[in-house]
Amino acid sequence: MTEREKCDAGLLYDTTTPERADAHHRCADLCYEFNHTRPSDLSRREQLLRQIFGKLGKNPYVEPTLFCGFGFNIEAGDNFFVNNNCVFVDPGKITFGHNVFIAPQCGFYTALHPLDVKRRNAKLEAAYPITVGDNVWFGGGVRVLPGVTIGSGTVIGAGSVVTHDIPAGVLAVGNPCRVVRPITEADKRRYETPEYPR
C-alpha cells in the first residue's frame with residue numbers, strides 16, 4: 001500500500017513523503033491567498049474556497065483566517081458558514097452536510113498521533129474521518145476529535161471537546177462533550193421574548 005492508501009484506511013502512515021508535503025504547501029498557499037483577499041471581494045474569496053475544498057455546495061461563507069492541512073479532504077453542503085480563525089486538520093475526510101454553522105475558533109482534527117513515543121518521533125500518524133450531518137451549529141471554540149460523527153439538527157455548545165459520536169437533534173456541551181437534552185418544539189419559541197430562559 002502507498003502511504004496515502006494507508007492513511008485512507010486508518011492505518012499508521014509516514015507523514016514525511018514528498019507528495020504529502022506538496023499537497024500541504026499547495027493548500028497552505030491557497031489559504032494564505034484567501035486570508036489576504038479583501039473582505040469585499042466576495043467572488044475571489046469564493047473562487048479560492050472552491051480551490052481549497054474538495055467539494056462545496058451553494059452559498060458558502062467563510063471568514064479568515066482559515067487554515068486547512070490539505071483541503072481536498074473537506075466536503076461541505078449548501079449554506080456552509082464558518083466564522084473567524086477556524087482550523088481543519090484533514091489528512092482524513094471531513095464531511096459537513098447542508099446548513100452547518102461554525103462559530104469562531106473551532107477546530108476539526110482527523111489526525112491521531114501514536115501514544116508510543118518511538119512511532120510518534122518517527123513521524124507516523126493515523127487519520128480517522130469526521131462526519132457532520134445537516135443543520136448543525138457549533139458554538140465558539142469547539143474542538144472535534146478524530147473519528148467523530150455528529151447527527152443532523154444538533155447543537156454543540158461553546159468550548160466543547162467532542163471525543164465521541166453525538167446523536168441527531170440534541171444539545172450537547174462540555175469536555176468531554178455530553179448530551180444535555182433533546183432539542184424540542186419549545187426551543188422554537190425561546191427567542192420570542194427578550195427574557196427567554198437560557
Side-chain angles (χ1 to χ4, degrees), residues 1-114 119-132 136 138 140-148 162:
M1 296 175 76
T2 66
E3 299 305 310
R4 179 73 246 175
E5 289 168 338
K6 291 177 187 175
C7 177
D8 292 342
L11 302 173
L12 285 176
Y13 70 97
D14 181 359
T15 63
T16 65
T17 63
E19 296 80 12
R20 188 177 190 275
D22 289 347
H24 172 68
H25 290 145
R26 173 195 172 273
C27 185
D29 284 347
L30 287 168
C31 287
Y32 178 89
E33 186 173 353
F34 174 83
N35 292 330
H36 291 84
T37 298
R38 285 186 175 277
S40 59
D41 194 350
L42 297 177
S43 61
R44 180 57 180 157
R45 286 172 61 172
E46 182 171 341
Q47 182 184 48
L48 288 165
L49 288 174
R50 293 190 182 281
Q51 293 177 57
I52 293 167
F53 289 97
K55 181 179 178 183
L56 200 54
K58 296 183 241 181
N59 305 315
Y61 188 87
V62 178
E63 287 281 10
T65 57
L66 167 71
F67 175 82
C68 305
F70 303 96
F72 61 78
N73 269 331
I74 306 168
E75 298 185 356
D78 297 343
N79 307 314
F80 185 53
F81 177 87
V82 181
N83 216 316
N84 305 94
N85 300 321
C86 288
V87 174
F88 301 86
V89 179
D90 63 318
K93 182 78 77 177
I94 305 176
T95 306
F96 298 99
H98 301 300
N99 305 305
V100 172
F101 293 5
I102 301 173
Q105 299 180 355
C106 289
F108 298 83
Y109 312 133
T110 67
L112 187 67
H113 300 284
R119 289 180 176 175
R120 189 168 65 246
N121 289 347
K123 305 293 176 60
L124 298 177
E125 72 177 30
Y128 300 112
I130 292 170
T131 304
V132 177
V136 175
F138 295 92
V142 169
R143 304 290 185 262
V144 180
L145 300 190
V148 165
V162 188

Minimum side-chain heavy-atom gap Phe108-Asp90 below 4.5 Å = no
Closest non-hydrogen atoms of Ala9 and Met1, given as atom of the first, atom of the second and distance, are CB-CE, 4.0 Å
Would you check if Leu42 and Glu46 make a side-chain contact, meaning some heavy-atom pair closer than 4.5 Å?
-> no
Could you tell me whether the side chain of Thr110 and the main chain of Val89 form a donor-acceptor pair under 3.5 Å?
-> yes
Would you call Pro104 and Asn85 a side-chain contact if the rule is heavy atoms closer than 4.5 Å?
-> no
Is Arg20 close enough and on-axis enough to Phe70, meaning under 6.0 Å and within 45°, for cation-pi?
-> no
With the side chain counted from C-beta on, respond yes when Val100 and Phe138 share a heavy-atom pair under 4.5 Å apart, and no when they do not.
-> yes
From Leu12 atom CG to His113 atom NE2, the distance as rounded to the nearest 0.5 Å | 11.0 Å
Would you call Ile52 and Leu66 a side-chain contact if the rule is heavy atoms closer than 4.5 Å?
-> yes
d(Cys106 SG, Phe101 CZ) to nearest 0.5 Å is 13.5 Å
Do you know which two heavy atoms are closest between Ala111 and Pro146, and how far apart they sit?
-> O-CG, 3.3 Å
Taking every non-hydrogen atom, the tightest pair across Arg45 and Pro64 = NH2-CD, 3.6 Å
Rounded distance (nearest 0.5 Å) linking atom OG1 of Thr37 with atom OH of Tyr32 = 10.5 Å
In this structure, CZ of Phe53 is separated from SG of Cys27 (nearest 0.5 Å) by 8.5 Å
For the student: nearest non-hydrogen atoms of Asn73 and Lys93, plus distance = O-CD, 3.2 Å
Residue of the set Phe96, Tyr61, Phe88 for which side chain to side chain contact (heavy atoms under 4.5 Å, CB included) holds with Val82 = Phe88
Tested for side chain to side chain contact (heavy atoms under 4.5 Å, CB included) against Val162, the lone hit among Val132, Ile130, Val142 is Val142
Taking atom CG of Leu56 and atom CD of Gln51, what is their separation to the nearest 0.5 Å?
-> 12.0 Å
Check: Asn79 main-chain N/O paired with Asn99 side-chain donor or acceptor under 3.5 Å = no
Could you tell me whether Asp22 and Arg26 make a salt bridge, using a distance below 4.0 angstrom between a side-chain N and a carboxylate O?
-> no
If we only count heavy atoms from C-beta on, is the Glu33 to Arg44 side-chain gap below 4.5 Å?
-> yes
Ignoring hydrogens and geometry, is there a side-chain-to-backbone donor-acceptor pair from Thr15 to Lys123 under 3.5 Å?
-> yes
Is there a donor-acceptor contact under 3.5 Å linking the side chains of Arg50 and Gln47?
-> no
Kindly indicate whether the side chain of Tyr109, heavy atoms from C-beta on, has any atom under 4.5 Å from the side chain of Val87.
-> yes
Should Tyr13 and Glu125 count as side-chain neighbours, where that means a heavy-atom distance under 4.5 Å?
-> yes
Examine distances only and state if a side-chain atom of Asn59 and a backbone atom of Asp78 form a donor-acceptor pair shorter than 3.5 Å.
-> no
